[in-house]
Amino acid sequence: MNFSFLFNNFAELTVTGLAFGAVYALIALGYTMVYGVLQLINFAHSEVFMYGTFATLWMTITLVGSGNPGGLQTFGIMAAALLAAMVVSGAIALMLEKFAYRPLIKRNAPRLIALISAIGASFVLAELMGVRDDVAGWFGLRETLDDYVGGARVNQSMPNIVQNRTLFAIGEYNIRMVDVIVILSAILMMVGLDQFVRRSKTGRGIRATAQDPETAALMGVNSTRVIQMTFLLGGLMAGVAAFLYMLKIETTKFDVGFLLGIKAFTAAVLGGIGNLRGALVGGLVLGVVENWGSALFGGEWRHVVAFVLLVVILLFRPTGILGESLGKART
Amino acid sequence: MIRNIRSWRVAAAAVAAGLTLAACGSTADESDNESDSASGDSGSAACDVSLAFFGPQTGPAAGLGQPIIQGAQLAIDQHNAEAECEVGYEQFDSQGSPDQAPALATEAAGNEAIIGIVGPAFSGEGAAAGPIFAEAGLPTVTPSGTNPTLSEEGWDTFHRALGNDATQGPAAAKYIQDTVGAQSVFVIDDASEYGAGLATIVKDELGDTVVGEDTIQVGDTDFSATVTAVTSSKADAVFFGGYYAEAALIVAQLRDSGFEGDFVVADGVKDPAYVDGAKEAAEGTIITCPCIPAEDPAVSEFASAYEEEFGEAPGTYAAEAYDSANIFLDGIAEGIDNREDMLTFINEYDQEGITKQLTFDETGEPSDVAVYAYKVEGGEIVSDQEIE
């Protein structure tokens, strides 16, 4: 175990861990909200995120072209990419709700059936992205769209829009600008969402349905709309996560959602599934612990450390760090 | 290059299995032309024989298979242009997957007209198909599979037309020490058979110069802990044993964190997708490979013929594939038309190929090997020098 390395680079490891943890946290929101309202684990949420990364990629390719943008243009491109990611992820989340869940919920299908439907939808969405060159071929667009659909099964990377190399120092450690951007925007989005759920009328509807769907319906809450809203919010957050992820990693692939989805789901459980603030705490803790674990034991131990932590925390706090409570938040 | 492509296309595998079964049915009636003329006149070319390519023709690694297919194709075309009887050329598309290799190897072994295999292209599929070829007595010459263990399995049919990783590792270490002049090296591997094996060899060769090491996981995308370890070790060179997907991510994240030393990798990264993935961060990367550069004077004649026929410069391992096919074709030109004689012929073979002197020891390893260094410059992988 390499303690001296961990302690000598504590600040840097913590910041990079927090940045990746922030991405986990934003994806975890989608799992946690849907679980809070429907007691259903939406395993297709990882693909909602994946489509967001591609929306970011495609939007930047379109806008950047081959030139090097500078100054204000960069902000424009970033804003457009963020918007594209949110729109696409939100739309995919809504489609999932409409085609993979609502018909099942209407027929009062058991939760297990909805879970299988989610896993099925996840494979369909991921593999569809993995054969996008063939799909474009059906419409005779294979050549025209080569920048977008080429290399369907390998990593695709974004044109550089921000100079990640911009560093600033905390003490004697260099911190990457992009990590700070990722952490701050993620926290900002979380606070915004938390306030929305706590204060707005729609938020009250979501909390009411989470607490007791039948009573909420009797009180005039439109449950279909509430469920739609839940999926949409989760999708939008996944879109933000996708944008921030692309800012940091710059590379995506059709199956990128798989590992991140599992990690984000872990983060949600770690913080207390169904609890918005829990998702934030769980994501950040997971990201940081993974980094510390890699530093201590070596990179191959990263996932071992993460999941041992999950098991240990659940042993002592079966409902996660902050407990399950979307419905119980009664401010 | 060892490659273990996990095929997600279960359906594709099922279809392939179906095709294999169908093909097995049809190969039975082709086997009647075996060794009728085995005792025939030596000196005149044999008829009704085929060579086969075994490796990825489609699938995620298709780009790596194509130069090999075309290199062997060129050798066969040149032979056929002059010979009385044409040599056939079959292709067994494994998609680079060890899962599909055994069924295809059985199919190839069942076709008696095939007396030589150029391949298997990757080490993973080579390990899966090797026992089947050995049992059928079907000689193979791989132009690209570099895992050292392949020659240690006791398959007398196995031959390799290029240096294995046990020669590539020391060459990479030598380049890092002598040419790069690195005083401190950080070694990263991806825990794969190929990557970890190569990294271990490099580490052993470098000895005290190694200031740190780490292992990453294939499929991960965030390597910040490893990057921090590299920057805090103040290493002036990094060696990575693994494939291009992770290499591109690692080099991009290293450069983003201000690492300015040299990034050295091996043949698993020698793919245009590496440069596409890492963009500017890939600039200056040093890639070692036991594959001869297309610009080398020894292969200039081959390179121009290749370019004329296929309209592109020969890719990685095209020249090695050309050499591999030519070993078989020399045998066929001497009248060999069965596997047993071909195997004896290859084991005793000692001729100058375009890439090296081609002769094999009893395990099937080439006795003459060369490793070359390549560099990424201006978004292209260009040849640098031979590592003596």
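Proteins come first, then strands; the chains are lettered A, B, ... in the order of their sequence lines, and each starts at number 1. This is a predicted model, so every value here is computed, not measured.
Two rings, from A:Tyr245 and A:Phe49, have their centers less than 6.0 Å apart. Aromatic pair A:Phe43/A:Phe265: centroids less than 6.0 angstrom apart.
Cation-pi geometry between B:Lys270 and B:Tyr374 is met: the NZ or CZ atom falls under 6.0 Å from the ring centre, inside 45° of the normal.
Among the residues in residues 225-233 of chain B, those with a non-hydrogen atom closer than 4.5 angstrom to a non-hydrogen atom of chain A are B:Ala225, B:Thr228, B:Ala229, B:Thr231, B:Ser232.
Heavy-atom distances place no part of B:Ala273 under 4.5 Å from chain A, backbone and side chain included. Both the backbone and the side chain of B:Asp222 come within contact range of chain A, with heavy atoms under 4.5 Å apart. Residue contact with chain B, scored on non-hydrogen atoms closer than 4.5 Å, involves the side chain of A:Asn155 exclusively.
Between B:Glu260 and B:Arg255, no side-chain nitrogen of the basic residue sits less than 4.0 Å from a carboxylate oxygen of the acidic one, so the salt-bridge criterion is not met.
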What pairs of donor and acceptor atoms, side-chain ones from residues 195-205 of chain B against any protein atom, are under 3.5 angstrom apart with sequence neighbours left out?
{"from": "B:Thr200", "atom 1": "OG1", "to": "B:Ala196", "atom 2": "O", "distance (Å)": "2.6"}
{"from": "B:Lys203", "atom 1": "NZ", "to": "B:Glu213", "atom 2": "OE1", "distance (Å)": "2.8"}

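When each of A:Glu300, A:His303, A:Arg302 is tested with B:Gln217 by the rule side chain to side chain donor-acceptor pair (under 3.5 Å), just one qualifies, namely A:His303.
Atom CD of B:Glu312 is surrounded by more than 12 heavy atoms from other residues, nucleotides or ligands within 6.0 Å.
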